[in-house]
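Worksheet: the structure to be examined is printed underneath.
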Amino acid sequence: MEQTLLIYNTLTRKKEAFKSINPGHVGMYVCGPTVYGDAHLGHARPAITFDILFRYLQHLGYKVRYVRNITDVGHLEHDADEGEDKIAKKARLEQLEPMEIAQYYTRRFNSAMEKLNVLPPSIEPHATGHIIEQQQLVQEILDNGYAYISNGSVYFDIEKYNQDYKYGILSGRSLENIKDASRDTLAGIGEKKNQADFALWKKAQPEHIMRWPSPWSDGFPGWHCECTAMGRKYLGEEFDIHGGGMDLVFPHHECEIAQAQASMGHQAVRYWMHNNMITINGQKMGKSYNNFITLDQFFKGEHELLTKAFAPMTIRFFILSAHYRGTVDFSSEALEAAEKGFARLMQGLKDLKRIQTAKGSAPEVTKFVGELEGKLYDAMNDDLQTPVVISLLFEACHQVNLLVDRKAKISAADLETLSKVMRTWIEDILGLTNASSGSNSEKDKALDKVMQMVLDMRAKAKEEKDWATSDKIRDELAAAGIIVKDTPDGAVWEV
RNA sequence: GGUGCGUUGGAUGAGCGGUUUAGUCUCUGGUCUGCAAAACCAGCUAGGGCGGUUCGACUCCGCCACGCACCUCCA
């Protein structure tokens, strides 16, 4: 924990040295998915970005409580005025219970996360399980005079709030701006005093299935409440890190700040972190643009923009090869490049075992091994520069290749250090693992044996210079989709 | 209109005030191989325009041009 981790704080627009509120402990909250559809590539980004942070903080010795919510209620379709709960709408369309939908997509989300080797958070609270906490939050804001009741709904009074505090500090916009923008796009003010006011509690229309009793009306919480209420419940009135996608800065996180301030009199979050978007042909990938590719489609290769299926680890590597605050433009070509890069990294890890040690290391090898981990820490500590981490690990692979080819010498001690560093950084911190290592079914074992037999036969034919037979085996295996690669240590195969 | 970001070699995409600046794809040469594939090694005229700071800038600052994202549910 002697490492100084710099984190870019959206609130101050500066990189700041990270210091946790409670020494040795970190509380971290990240906005999770709204479970009314399959997760797409865009959802993978915050999940992976904050997974890296979660892993790295733990690596540095912190005990981390990581909370990522499941939004299963509360996101209104259009605007708080005439909105319809997204979950409820889809439920009616498909004649299912809202909870059935939420459960179904939650499972699918978690399964996709597992494939991407995203560690499960410490707590995954559901919005529907915290209605009482959200009502308490609303009541506090009402009691403090920063909200008003209108026709059974409760709205946050931005004008009033702005007199005592300042609304817009996170997104860097003034109340005047916000009002102007709202006036253009929306017609009547309706129940609200001010167009910029946002709903804390919404009275349910008769057609709403998801509803809860409250002092104000039968209804449901406004969509900014859950994160404020649940973050506070599990991480305390003040906690270290709040993360999410950049598109949540306004209004979601801006409203969270206002809610915390209005209810508790102080802000809850020390460091606001936001990952940038993934674009496709230069445009943000999103549900409303209808240009998204779900993670499932990636894994299966079922999308017109995909030339083939991509392994979850390829997607993870692809996302990590860009810095989290920059946009990443998706293309099949870019993913194919990522696939090769990832394979190269894994090969380097594997080839460590083939290195023959010498009595002593060459000076440049000692220098490289000695400096590697320090450089990795420097990169990671500078606001999680994973592209640099990866490029350093590629340099390590280059060293491994030289050593395998016996173009350099390495001592047993240096090799052990190199192995340990590479393993720790690739597997534990970046969370990249070899996907194929998990296949241990009876079928796979049987295939392994058969292949070993076939390759032995081919090796024998080669020994006897019976090229016709050896080539025939190679060609027929190729026709069956199995590629044979000859290496100095014998043939290897893959499907 | 407001708020941010970007402009790097044949393509993509990182880092860095000066020395050898990643990686991937394509191409070229080589090693290995019975041949091939794979793998590995090496190479392939780079940093939008104009100013400024500096002994020195692709890297810092300013202006301009172009492009992009966010400002509505959204990761």
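All values derive from a computational prediction rather than experimental measurement.
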[N] to [M] separation - [atom1] atoms, rounded to the nearest Å:
N	M	atom1	result
B:C16	B:U3	C1'	29 Å
B:A22	B:G9	C1'	14 Å
B:C41	B:G23	P	10 Å
B:C44	B:G10	C1'	10 Å
B:C5	B:C40	P	38 Å
B:A38	B:U20	C1'	29 Å
B:G18	B:U54	C1'	11 Å

What is the distance, rounded to the nearest whole Å, between atom [atom1] of [X] and atom [atom2] of [N]?
X	N	atom1	atom2	value
A:L403	B:C41	CG	P	11 Å
A:M285	B:C73	CE	C1'	18 Å
A:M246	B:G6	CE	P	10 Å
A:D378	B:A22	CG	P	19 Å
A:R354	B:C40	CZ	C1'	10 Å
A:H253	B:C73	NE2	P	13 Å
A:I293	B:A75	CD1	C1'	16 Å
A:K350	B:C40	NZ	P	12 Å

Respond yes when some side-chain nitrogen or oxygen of [X] is under 4.0 Å from OP1 or OP2 of [N], and no when none is.
X	N	value
A:R68	B:A75	no
A:K340	B:G23	no
A:R344	B:U24	yes

Decide if the gap between the ring center of A:H224 and the ring center of A:H253 is smaller than 6.0 angstrom.
->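 For A:H224 and A:H253, the ring centres are not under 6.0 Å apart.
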
Aromatic centroids of A:F330 and A:F298 separated by under 6.0 Å = yes

Kindly point out which of B:C73, B:C40, B:G34 is positioned nearest to the side chain of A:W223?
-> B:C73

Side chain of A:F250: nearest nucleotide among B:U72, B:G34, B:A75?
-> B:U72

Residues that [X] engages under salt bridge (Lys or Arg N to Asp or Glu O under 4.0 Å), provided they are two or more places apart:
X	answer
A:R474	A:D471
A:E427	A:R423
A:K115	none

With [X], which residues qualify under side-chain hydrogen bond (donor to acceptor under 3.5 Å, both in side chains), at least two apart?
X	value
A:K462	A:D486
A:S153	none
A:H323	none

Cationic tip of A:R68 above A:F50 ring, under 6.0 Å, 45° of axis = no

Test side-chain contact (heavy atoms from CB on, under 4.5 Å) applied to A:E16 - qualifying residues, sequence neighbours left out =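 Testing A:E16 for side-chain contact (heavy atoms from CB on, under 4.5 Å), a comparison that skips the adjacent residues, returns A:N9, A:T12, A:Y271.
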
Comparing A:V484 and A:K462 on RNA chain B - which has the more 5′ nearest nucleotide |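 First, find each residue's nearest nucleotide; the 5'-ward one identifies A:K462.
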
If you pin A:G341 and A:G42 to their nearest nucleotides in RNA chain B, which one's is more 5'?
-> A:G341

In this structure, CG of A:D296 is separated from NE2 of A:H303 (nearest 0.5 Å) by 12.5 Å

Quick one: what's the B/S/- string for nucleotides 8-15 of chain B, heavy-atom cutoff under 4.0 Å, read 5' to 3'?
-> ------SS

Dot-bracket notation for RNA chain B, counting Watson-Crick and G-U pairs under 3.5 Å, with | for partners on another strand = (((((((..(((.....[....))).(((((.......)))))....(((((..]....))))))))))))....

Which part of the nucleic acid, if any, lies within contact of A:L392, taking any heavy atom under 4.0 Å across all strands shown: a base, the sugar-phosphate backbone alone, or nothing?
-> nothing

Using only heavy-atom distances, decide whether a donor-acceptor pair under 3.5 angstrom links the side-chain of A:R474 to the base of B:A36.
-> yes

Tell me the salt bridge (charged side-chain N to carboxylate O under 4.0 Å, His left out) pairs involving residues 27-41 of chain A, sequence neighbours left out?
-> A:D38-A:R108

Nucleic acid contacts of residues 394-402 of chain A, taken as heavy-atom distances under 4.0 Å to RNA chain B = A:F394, A:H398, A:N401

Kindly list each side-chain donor-acceptor pair under 3.5 angstrom involving residues 335-347 of chain A, sequence neighbours excluded, with atom names and distances?
residue: A:E336; atom: OE2; partner: A:T307; partner atom: OG1; Å: 2.7
residue: A:E339; atom: OE1; partner: A:K308; partner atom: NZ; Å: 2.6
residue: A:E339; atom: OE2; partner: A:K308; partner atom: NZ; Å: 3.1
residue: A:Q347; atom: NE2; partner: A:D351; partner atom: OD1; Å: 3.1

